[in-house]
Amino acid sequence: MGEQKGLIPFLNTPLGRDLRNSTYKTYGIRAILFCALIFVTLYWFVNLAIVVSMMVITSGIILSRVKSHVDVPITVSLGHPFMDSESLSNSEVMVKFSQDWVDPGVNRLKLVKDPIHGWTIHKQDEDLSILSIWDTKLSEKILTRQLSIINQAISLNNAINETNDEFEDARERESLESTLLEREWLPEDEFEVQGPISRMFSSE
């Protein structure tokens, strides 16, 4: 998908790999059972080559459906929670619903069917502003599932960045406190302030 440099596609994250493996396992079992049913049903009625061809085509269709479920159009940085790393660097998320990768921002996203443009992605802000057109032919069920993963990524991205901001604020406060402690203060001796009358008597 032409991912952004320095960012990791969802499929290459630990979460993405787990989802891919579980989805392939689920659909793989269905594919084996379905192909076995075709083989047993049609073996005695049609040519073996036709049966094998139908099994191959069916397997290809199922694998394509699996890919559409797990090929989520999102990339994350090494500091994102999807990577299961202990990095304290800022997290970053980019999404691609059409031709370009864009920053989704901090708001969750909403899928809307537009009668003119088709599927559109709206930010769930005060204005429900449009982020992008989703150029896809996938079903609404698959798109909804992919968008739920994207929204989870955005929420985690916000959480890790807010935590890092708190760390930076704490470091800044600590730096200021250290600077104050290192200042040289005037000695706390009491100075005798003499008025005009007292100065006259003291001069005597």
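What you see below is based on every heavy atom in this structure, not just the backbone, and it leaves out hydrogens, waters and symmetry mates. Throughout, residue positions are numbered sequentially from 1 according to the sequence presented.
Side-chain contact, S91 with N157: a donor N or O sits under 3.5 Å from an acceptor N or O.
Here F82 pairs with F10, H80 under the ring pair (Phe, Tyr, Trp, His ring centres under 6.0 Å) rule; sequence neighbours left out. R108 meets the side-chain hydrogen bond (donor to acceptor under 3.5 Å, both in side chains) test with S155; sequence neighbours excluded. Shown here are the side-chain contact (heavy atoms from CB on, under 4.5 Å) partners of V106, two or more places apart in sequence or in another chain: N158. Take D125 and apply the side-chain hydrogen bond (donor to acceptor under 3.5 Å, both in side chains) test, not counting sequence neighbours, and it matches S129.
Atoms CD1 and CG, from I149 and L15 in turn, are 7.0 Å apart once rounded to the nearest 0.5 Å. A distance of 11.0 Å separates CG in L156 from CG in N161, rounded to the nearest 0.5 Å. To the nearest 0.5 angstrom, M83 atom CE is 13.5 Å from I160 atom CD1. Here the CG-CG distance, from L11 to D71, works out to 5.0 Å after rounding to the nearest 0.5 Å.
Heavy atoms only, all atoms of each residue included: L109 and L147 are closest at O-CD2, 3.7 Å. When every heavy atom of L131 is checked against every heavy atom of P104, the shortest pair comes out as CD2-CA, 4.1 Å.
Between M94 and D103 there is a side-chain heavy-atom pair separated by less than 4.5 Å. Between L7 and V76, every side-chain heavy-atom pair lies at or beyond the 4.5 Å cut-off. Side-chain contact check for K110 versus I121: every heavy-atom pair is 4.5 Å or farther apart. Contact annotation: the side chain of V112 never approaches that of I130 to less than 4.5 Å [non-hydrogen atoms, C-beta and beyond].
Linking Ile, Leu, Val, Met, Phe, Trp and Tyr whenever their side-chain heavy atoms come within less than 4.5 Å leaves I133 and I74 in two separate clusters. Residues V102 and L143 fall within the same hydrophobic cluster, defined by Ile, Leu, Val, Met, Phe, Trp and Tyr side chains chained together at heavy-atom separations under 4.5 Å.
Within the structure, the side-chain hydrogen bond (donor to acceptor under 3.5 Å, both in side chains) test picks out no pair touching residues 137-151 (sequence neighbours left out). Pairs passing the ring pair (Phe, Tyr, Trp, His ring centres under 6.0 Å) check and including a residue from residues 110-160, sequence neighbours excluded, read F97-W134.
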